[in-house]
Amino acid sequence: MIAGVGNVYRAEVLFRHGIDPYLPGRDLTRAQWDAIWADLVSLMREGVRHNRIDTVRPEHLPEAMGRPPRVDDHGGEVYVYRRAADHCHICGSEIRTAGLAARNLFWCPGCQPPTARRP
């Protein structure tokens, strides 16, 4: 578990690594943990530098994919955060949302396949 990264980065980094948001942290492999940590460090550094949260890789930006940019008060290009019922930029599945511990989860069921332990 990581405290303090925020709901946006949590949703986005799990998407970027294809990890089910219901997977218990103790079930992550060391390789998954290391990759998530490195990605968070990079994403958060860029967020501070640009004063906004952008988590979409260059090849998935609106210009590269020929799609309209995100319009949201939160700003930034994201994969799943606050995109419930929209279609995934990668696989076309409908983005899902659910409450968990007074926070909202956002995920793509196509890109983040469910684990056996999902409720």
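FYI, side chains are in, hydrogens and waters are out, and symmetry mates aren't considered; it's all heavy atoms of this structure.
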Quiz item: Can D20 and T115 be counted as having a side-chain donor-acceptor contact under 3.5 angstrom?
Solution: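 Short answer, yes.
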Quiz item: So, Y79 and H89: side-chain donor and acceptor under 3.5 Å apart, yes or no?
Solution: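 Looking only at side-chain atoms, H89 and Y79 do not form any donor-acceptor pair under 3.5 Å.
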Exercise. Would you check, one step at a time, whether the test side chain to side chain contact (heavy atoms under 4.5 Å, CB included) holds for Y9 with M44?
Key: CA-CA 8 Å; Y9 284 118; M44 293 176 88; 3.7 Å; yes
Quiz prompt | Stepwise side chain to side chain contact (heavy atoms under 4.5 Å, CB included) test for D39 and H17 | solution = CA-CA 9 Å; D39 204 15; H17 294 272; 2.9 Å; yes
Determine yes or no for a side-chain-to-main-chain donor-acceptor pair under 3.5 angstrom, with [X] supplying the side chain and [Y] the backbone.
X	Y	answer
E12	V80	yes
R10	L14	no
R16	T55	yes
S93	C88	no
Q32	T29	yes
R67	H60	yes
D54	V78	no

Where do [X] and [Y] come nearest, in terms of heavy atoms and distance?
X	Y	answer
P21	Q112	CD-NE2, 3.9 Å
C91	C111	SG-SG, 3.8 Å
C108	I95	CB-CD1, 3.9 Å

Exercise. May I ask you to say whether E77 pairs ionically with R57, meaning some side-chain N is under 4.0 Å from a carboxylate O?
Key: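 The answer is no: the pair does not qualify as a salt bridge.
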Are the side chains of [Y] and [X] in contact, using a 4.5 Å heavy-atom criterion?
X	Y	result
Y22	W107	yes
R96	F106	no
T97	L105	no
F15	I90	yes

Exercise. Answer yes if W33 and V41 sit in the same cluster of Ile, Leu, Val, Met, Phe, Trp and Tyr residues linked by side chain heavy atoms under 4.5 Å apart, and no otherwise.
Key: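 W33 clusters together with V41.
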Quiz item: Do V13 and V5 pass the side chain to side chain contact (heavy atoms under 4.5 Å, CB included) test, and can you show the C-alpha distance, the side-chain angles, and the key distance before you say yes or no?
Solution: CA-CA 10 Å; V13 80; V5 299; over 6 Å; no
